[in-house]
Amino acid sequence: MDIKPQLKPLSDGFRTDINGLRAWAVMAVVLYHFGVPGFQGGFVGVDIFFVISGFLMTGIIVKGISRASFSFIGFYLARAKRIIPALLAVCITLLMLGWFFLPSTDYKTLASHSVYSLFFLSNIEYWLSAGYFDAESHEKWLLHTWSLSVEWQFYMLLPLILWAPWKLRPGKRTLIAVLTLLALMSFAASAYYSSIYPTASFYLLHTRAWELIAGGLIWLMPAAQLSQRIRYSLTLLGLALIGAAIAGLDKNVVWPGAWAALPVIGTSLVIWCQQRTALTHHRIAQWLGDRSYSLYLWHWPVFVTLVLLEQRYEPVALAAGIVMSILLGALSYRWIEQPTRVSFSRFTATRAWVSLISAASLASGAAIVVWKLNGFPERMPQAVEFTANEQNNKNSASEACNIKTGTKPNICEHGDHHNKIMIVGDSHAQALISSLTTALPNYSILQIGYGGCPLIEGLKRTADATKTLPAKYDCTGYNLELKRAIHQYSPEVPVILVGRYAIHAFGLNESNPAPQKPQAYFDKIYDAGTPEFMAELSAALTKTACNLAKERTVFMLRPIPEMGINVPRAASVRIAFGLSPEISIPKESYMARNAWVWKAQDTARDQCGIVILDGTDAFCDDTRCYGTKNARPIYFDDDHLSEYGNKLLVPTFKQIPSHLPALRHP
């Protein structure tokens, strides 16, 4: 590609270089979401947009206050006219289509997220619910609006941040000093808190503000004093930094920590130097740049559609999804963005405000009605609603007992009987409480659980595994305290060990292909499947069980199969489209992830007499393991048994008393 220095700088009017950057930013995000190889760091496109927004908004505000013509109301109105119409169109379209296709649980969630998006608070809602990179976030229709909320919140504050210092001491130097201080504070917060509170740091303004402020500082410090050749070289460096971030980073990096400086500095250099390059000024780049906002808005709902239709890993479907996203973006630009700009240019400020507020209020009001009426469950066939509602078929009492902070075990007793039995483990153990109380009605069940932390001596969770967990999460310390807590009970009290062990060896399996990234280690972090790590992990599991077996009867449950997709949601969508609701995985896939667990359990049985509880026949036949039984989900998500599903283990748990001394039989 021929990229030569241009001797003429860009004009002070429309910035085609910025428009080209928009194209790269939006396509990086789109191709990242659709899983195109080479764009695993494409999420940095949002950071590019933040720098661009900071640059443009700072220019508008400073020009206005320097001429004593700045209007707060006018500034906010201009932003609203730019952002709200297309956003409204997306929300209204999704609400209309959701009426025909979404079960009430999902429709209610869509309605609430629409309101948060239209009030520019969705970043706060998603911060409180799940991480951006979590598998469950891939099913949230308006997840991408978090960035619009961050920008709007910044827009609300920036005029005050610039106007107040200017009034005290007019001049760019004052503004540069103020913005530099704020940028340093925000960057420090981002670098420090991103590893401690990753979800909050990702979504909230205080750790993102430095990216927007960086653009503002670039506007306040023009590069006119530099030679043309130096500016061109810096432009190429900026583009290289952006490319390195897109191709070299991935979702496992702490974000938006210090690594976010890579695309921010790169974008700042390109904007600062104002040079023409083929990468930003090509006709295609300009076309995409014009439509970047609409393309960004529409691509994510297209992707979520593929997720729900279980097509997100099919190359043909993904290619069609990218094409559809570009087409919808182009139509939205042609029929929504451009016409509303023309219409609003003819309106008075009052009429424009009334139009925007009225439209947003009507859409929000409709969404609130949907939310208040629980998604109008009568819309859908009963089978669809029943299947989808299995997402809620879980034991809230046992769920509340499963802690995720500190090291002190939280012991919940279910029942009031002399005979007691402990169940110890992670959330997979928590999901089994009601099946135990059903199988053992004359026993009190002592539930001792810690999210994502089965009892394995010396086990440590990796930073990647804990980045979405509370800051005081401490699996290693908890397990030390847990052994002491178990020891305080009489040796007559047996213990059942349950865990989702496979994620510690291979990582989560809610994506395809699975990431093959261990979530645990002991003294050294290994790659997934490394023989040394598997031997170490297997030996630790066996040792833990045998140490407990020195003083009491120990039961170990065979691992619960992991389906990899949200079973109730997938099954309900299939029913809605007239397809079979059966969800299953090959049994060989289950064994590939869990054979080492079986071996460790068998070794513990042979060495120290632990009792194996094997309920896999309830879930698997010779070839497949099922997520549904009798067309009904047996999971409430992708890997936790529902209150219906856990009852399949009642026959297995009824065998427990036969392995205990007669004096403790009821």
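Contact detail for T305 and P301: the closest heavy-atom pair is OG1-O, 2.8 Å. Taking both residues in full, the closest heavy atoms of L288 and A23 are given as CB-CB, 3.7 Å, listed atom of the first, atom of the second, then distance. The two residues T199 and Y126 make their nearest non-hydrogen contact at CG2-O, 4.3 Å. When all heavy atoms of M380 and L102 are compared, the closest pair comes out as CG-O, 3.7 Å. Nearest heavy-atom pair, G216 versus T58, reported as atom, atom and distance to 0.1 Å: CA-OG1, 3.1 Å. When every heavy atom of P581 is checked against every heavy atom of A571, the shortest pair comes out as O-CB, 3.7 Å.
A donor-acceptor contact shorter than 3.5 Å is absent between the side chain of T267 and the backbone of I48. In this structure, Q153 contributes its side chain and F120 its backbone to a donor-acceptor pair below 3.5 Å. Of the possible polar contacts, one joining the S345 side chain to the V342 backbone as a donor-acceptor pair under 3.5 Å is found. Checked by atom type and distance alone, the side chain of S186 never pairs as donor or acceptor with a backbone atom of A183 at under 3.5 Å. Between the H299 side chain and the I326 main chain, no donor and acceptor come within less than 3.5 Å of each other. Under a 3.5 Å cut-off, the side chain of W210 and the backbone N or O of T207 do form a donor-acceptor pair. Remark: the backbone N or O of L95 is paired with a side-chain donor or acceptor of Y107 at under 3.5 angstrom. Using modelled atom types, one side-chain atom of S66 and one backbone atom of K63 make a donor-acceptor pair closer than 3.5 Å. At distances below 3.5 Å, at least one donor-acceptor pair connects side-chain atoms of S122 with backbone N or O atoms of T145. For the pair S195 (side chain) and A191 (backbone), a donor-acceptor distance under 3.5 Å is absent.
Between L356 atom CG and K81 atom NZ the span is 8.0 Å, to the nearest 0.5 Å. Of the inter-residue distances, the one linking L328 atom CG with S332 atom OG reads 8.5 Å to the nearest 0.5 angstrom. The CZ atom of F43 sits 10.5 Å away from atom CD1 of I246, with the distance rounded to the nearest 0.5 Å. Here the OG-NE2 distance, from S190 to H206, works out to 8.5 Å after rounding to the nearest 0.5 Å. We find the CZ-CG distance between R291 and L331 to be 10.0 Å, quoted to the nearest 0.5 Å. Rounding to the nearest 0.5 angstrom, the gap separating the CD1 atom in I565 from the CG atom in D638 is 9.0 Å.
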Derivation of the side chain to side chain contact (heavy atoms under 4.5 Å, CB included) call for I213 and I161:
CA-CA 11 Å; I213 293 173; I161 292 172; over 6 Å; no
Stepwise ring-ring contact (aromatic ring centres under 6.0 Å, His included) test for W300 and H33:
CA-CA 8 Å; W300 183 253; H33 284 148; 4.6 Å; yes
Applying side chain to side chain contact (heavy atoms under 4.5 Å, CB included), run through V178 and L162 and close with a yes or a no.
CA-CA 8 Å; V178 170; L162 297 175; over 6 Å; no
Yes or no on ring-ring contact (aromatic ring centres under 6.0 Å, His included) for Y76 and Y155, after CA distance, side-chain angles and deciding distance?
CA-CA 8 Å; Y76 297 139; Y155 295 162; 9.0 Å; no
Checking side chain to side chain contact (heavy atoms under 4.5 Å, CB included) for the pair K140/H113: CA distance, chi angles, key distance, verdict?
CA-CA 8 Å; K140 296 176 180 177; H113 288 176; 4.1 Å; yes
For C91 and L118: C-alpha separation, side-chain torsions, deciding distance, then whether side chain to side chain contact (heavy atoms under 4.5 Å, CB included) applies.
CA-CA 8 Å; C91 292; L118 291 171; 4.1 Å; yes
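Residues S147 and Y296 have side chains that bring a donor and an acceptor to within less than 3.5 angstrom of each other. Q286 and T16 are not linked by any side-chain donor-acceptor pair at a separation below 3.5 angstrom, with hydrogens and angles left out of the test.
Annotation: cation-pi pair R351/F347 present, NZ/CZ under 6.0 Å from the ring centroid and within 45° of its normal. Within the cation-pi definition used here (under 6.0 Å to the ring centroid, within 45° of the axis), R79 does not qualify as a partner of W152. Geometric assessment of R208 against the ring of F202 yields a positive cation-pi assignment under the 6.0 Å and 45° thresholds. Because its NZ or CZ atom is not both nearer than 6.0 Å to the ring centre of F70 and within 45° of the ring axis, R67 does not count as a cation-pi partner of that residue.
Taking the side chain as every heavy atom from C-beta outward, V567 and T628 approach each other to under 4.5 Å. No side-chain heavy atom of S149 sits under 4.5 Å from any side-chain heavy atom of Y116. Looking at V370 and F376, their side chains come closer than 4.5 Å, going by heavy atoms from C-beta outward. Between L158 and L212 the shortest side-chain heavy-atom distance does not fall below 4.5 Å. No side-chain heavy atom of F101 sits under 4.5 Å from any side-chain heavy atom of L308. You'll find the side chain of Y293 reaches within 4.5 Å of the side chain of I83, heavy atoms only. Between I124 and Y203, the closest side-chain pair of non-hydrogen atoms is not below 4.5 Å. R632 places none of its side-chain heavy atoms less than 4.5 Å from the side chain of S642.
Counting heavy-atom neighbours within 6.0 Å of Y192 OH, excluding the residue itself, gives a total of 12 or less. Other residues, nucleotides and ligands contribute more than 12 heavy atoms inside 6.0 Å of the CH2 atom of W298. Residue W287 qualifies as enclosed at atom CH2: its count of foreign heavy atoms under 6.0 Å is above 12. Enclosure of atom CZ in F154 by more than 12 non-hydrogen atoms of other residues, nucleotides or ligands within 6.0 angstrom is indicated. Within 6.0 Å of the CH2 atom in W99, the count of heavy atoms belonging to other residues, nucleotides or ligands exceeds 12. Annotation: W371, atom CH2; neighbour count of heavy atoms from other residues, nucleotides and ligands within 6.0 Å does not exceed 12.
Taking 4.0 Å as the cut-off between side-chain N and carboxylate O, R569 and D637 do not count as a salt-bridged pair.
With sequence neighbours excluded, the residues that form a salt bridge (charged side-chain N to carboxylate O under 4.0 Å, His left out) with R341 are E337. Scanning for salt bridge (charged side-chain N to carboxylate O under 4.0 Å, His left out) contacts around R574 gives E310, with sequence neighbours left out.
Applying side chain to side chain donor-acceptor pair (under 3.5 Å) to S104 and the options R379, E385, E378 leaves one that passes, E385.
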